[in-house]
Enquirer: 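The structure under discussion is supplied below as structure tokens; questions concerning it will follow.
Letters go in sequence order (proteins before strands), and every chain restarts at 1.
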Protein chains: 2
Amino acid sequence: MAVIDLPQERREMMLRELRRKGKLVAAELSAEYGVSEDTIRRDLGELASAGLLKRVHGGALPLTPSNMPYYERDKCKQAVKNELAIAASQLVKDDQLILIGGGTTTAEIARNLPINLRATVVTTSPLIALYLAEYAHIEIIMVGGRINKRELVTSDAEATAKIRCFQADLCFLGVCGVHPEVGITSTLYEEVDLVRALIEQSGEVVATVTADKLGAIAPYVVASADNITHIITEKQVPQENLAPYRALGIEVIQA
Amino acid sequence: MAVIDLPQERREMMLRELRRKGKLVAAELSAEYGVSEDTIRRDLGELASAGLLKRVHGGALPLTPSNMPYYERDKCKQAVKNELAIAASQLVKDDQLILIGGGTTTAEIARNLPINLRATVVTTSPLIALYLAEYAHIEIIMVGGRINKRELVTSDAEATAKIRCFQADLCFLGVCGVHPEVGITSTLYEEVDLVRALIEQSGEVVATVTADKLGAIAPYVVASADNITHIITEKQVPQENLAPYRALGIEVIQA
DNA sequence: CTGAAACACGCACTAAAATGCATATAACCG
DNA sequence: CGGTTATATGCATTTTAGTGCGTGTTTCAG
């Protein structure tokens, strides 16, 4: 992991993190960079007086609040999704080719990748593409096609065909439901082919699944559950609910 | 390992190391090159005053932290760009096929379209795609490809080829410079083909041009000025500056 | 209204920077 | 060849930037 040894470097990192995440919390920064909260406060004060961010009680916010589009849906279970995303982001390694599908949790993963990760990411989500643009060493391939406004992704035949052109190391899936027997299911028919392509063109398949989606069944079946290699879910999920997935050879990670 | 015996050689090595690692730490350099920290500091000071790096406490950083993109530029002349965008948005009619290129002004247009506009928009910018997702009756086609992080658009051959699949009614262009004789110019070589495609695949070509870009010349020529059908520019621009464009048959609108 | 968290300020300590000076080496020139 | 000069370097000294801690104050949420 890249060590931060220059104060100025730390400040620039903070600015980038602000652009990615839309806010900075002093206490978190203190832990993240291994310096006291005083130092963080001084940093934030300096950046604020340089006109680079807006200082608020507890942290900082961007000057232009509405530049990065913001989505209401993103709010629910935000904290949980953030936890899952952080755990998921541990699975990536340098120099991999990664596919990221649509969804609020996968978007969260895109904002929580290691800051110096060197990789190529293929995504169908313009929102994720924007988040990734803040990373210096990530090559971004945007998969084109008709935008599905509900999910904010391209999910038509053109997008599916494009995904088929890649053979990735890793894929992050946002799913509507995962059931041990029924498998991966979706509420959107037009997404089925695309998600299937994501799975088939990728070595490891990581599904981030909140507790309510575990064992859930949506109308359209995408693939059997054993196509998944990793499930990231909440800490509080009881072990007996996870056992069926482990029996399928899926590595289950709780965060 | 080549021995470093020339001071100048050492400095060039340091610059290369800076490009490779993104930062230089004085103490490390001292050990690495076997000279005192004083010497390193003098080197860094010299390189800084030559404008080759940014000197910071403890070492040095690149001048442009490789990602000083978009969001900075977006702030400047925001009010003006908004005016131009509102004027530009008047030109769209229902049921048209519209191309929107990259740029801060074109993004502004995307946020200022008539709320009930019924149209199809093709864009290379994920940011614009997100803005457009707010409109109920706009069909969005995202053009895929490698993302240029600086401009936040897809501008590679794949994107250009895709644009060639459309025959649009209208196209909004964000340009680096428009000169009556030299024509439309760009600061980015890789954008040239794409912008040319936008122009050729579109009936009307609307350029939103802030005062400083009117008559400006950037390194790479895209097309002659008479390819433009409409120029939207600032109110304060004197008539004599606009006459050459009108002589080319371009409709000039001041907002 | 009250307790906890965040903040602001001053102080002490460390590391890095600037500055002046001494020395060594290499280049220059008669 | 020998002496002068310019450059590069290291060392000592003073300044300054960065940091953490303690104390008292402000802000915020229940």
Enquirer: Under 4.0 Å between any heavy atoms, over every strand shown, what does B/Val25 touch: base, sugar-phosphate, or nothing? Just pick one.
Expert: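 No contact at all - B/Val25 keeps every heavy atom at 4.0 Å or more from the nucleic acid.
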Enquirer: Which nucleotide sits closest to the side chain of A/Val35: D/dG20, C/dA17, D/dG18?
Expert: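 So the nucleotide nearest the side chain must be D/dG20.
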Enquirer: Under 3.5 Å, is there a donor-acceptor pair linking the side chains of B/Lys81 and B/Thr210?
Expert: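 No - no donor-acceptor pair under 3.5 Å links their side chains.
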Enquirer: How close or far is atom P of C/dA16 from atom CD of B/Glu28, stated in whole angstroms?
Expert: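 Those two atoms, CD and P, are 11 Å apart.
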Enquirer: Figure out the CD1/P separation between A/Ile40 and D/dG18, and round it to whole Å.
Expert: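 Rounding to the nearest Å, CD1 of A/Ile40 and P of D/dG18 are 14 Å apart.
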Enquirer: Whole-Å distance between C/dA18 P and B/Glu46 CD?
Expert: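 Rounding to the nearest Å, CD of B/Glu46 and P of C/dA18 are 13 Å apart.
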Enquirer: Measuring from atom CG of A/Asp43 to atom CE of A/Met14, what distance do you get when rounded to the nearest 0.5 angstrom?
Expert: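 Rounded to the nearest 0.5 Å, the CG-CE separation comes out at 4.5 Å.
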Enquirer: Round to a whole Å and report the spacing from CG of A/Asp5 to P of D/dT19.
Expert: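 It works out to 11 Å between those atoms.
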Enquirer: How many Å lie between CG on B/Asp43 and P on D/dT9, as a whole number?
Expert: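 Taking CG of B/Asp43 and P of D/dT9, I get 7 Å after rounding.
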Enquirer: Does the D/dG10 base have a donor-acceptor partner in the side chain of B/Arg42 within less than 3.5 Å?
Expert: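 Result: at least one qualifying N/O pair found.
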Enquirer: On DNA chain C, check which nucleotide each of B/Leu44 and A/Glu37 is closest to and give me the residue with the more 5' one.
Expert: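 By nearest-heavy-atom nucleotide position, the 5'-most residue is A/Glu37.
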Enquirer: In whole angstrom, what separates A/Leu29's CG from D/dG20's P?
Expert: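 Spelled out: CG on A/Leu29 to P on D/dG20 is 13 Å.
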Enquirer: Are any of A/Thr39's side-chain N or O atoms less than 4.0 Å away from OP1 or OP2 of D/dG20?
Expert: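 The answer is yes; a side-chain N or O of A/Thr39 sits under 4.0 Å from OP1 or OP2.
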Enquirer: What is the distance, to the nearest angstrom, from the CD atom on B/Glu9 to the C1' atom on D/dA8?
Expert: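 Going from CD in B/Glu9 over to C1' in D/dA8 covers 15 Å.
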Enquirer: Do A/Tyr135 and A/Arg16 have side-chain atoms, one donor and one acceptor, less than 3.5 Å apart?
Expert: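 A/Arg16 and A/Tyr135 do not have a side-chain donor-acceptor pair below 3.5 Å.
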Enquirer: Decide yes or no, distance alone: a donor-acceptor N/O pair under 3.5 angstrom between the base of C/dC7 and the side-chain of A/Asp38.
Expert: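 Under the 3.5 Å cut-off, the side chain and the base do not form any donor-acceptor pair.
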Enquirer: What is the minimum heavy-atom distance between B/Ala87 and B/Ala255, and which atoms define it?
Expert: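 For B/Ala87 versus B/Ala255, the nearest heavy atoms are CB-CB, 3.5 Å.
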Enquirer: Which nucleotide, D/dG18, D/dG20, C/dC7, lies nearest any side-chain atom of B/His57?
Expert: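 The nucleotide sitting nearest to the side chain is D/dG18.
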Enquirer: Please confirm whether the shortest side-chain N or O distance from B/Arg41 to OP1 or OP2 of C/dT19 is below 4.0 Å.
Expert: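 B/Arg41 to C/dT19 OP1/OP2: no side-chain N or O under 4.0 Å.
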Enquirer: Using a 4.0 Å heavy-atom cut-off, does A/Gly45 contact any base of the nucleic acid, only the sugar-phosphate backbone, or nothing at all?
Expert: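 Here A/Gly45 touches no strand at all.
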Enquirer: Rounded to the Å, how far apart are B/Arg55 CZ and C/dA16 P?
Expert: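 In whole Å, C/dA16 P and B/Arg55 CZ are 11 Å from each other.
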Enquirer: With a 3.5 Å cut-off and no angle check, do the side chains of A/Glu46 and A/Gln8 form a donor-acceptor pair?
Expert: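 No pair is found: no donor N or O on one side chain lies under 3.5 Å from an acceptor on the other.
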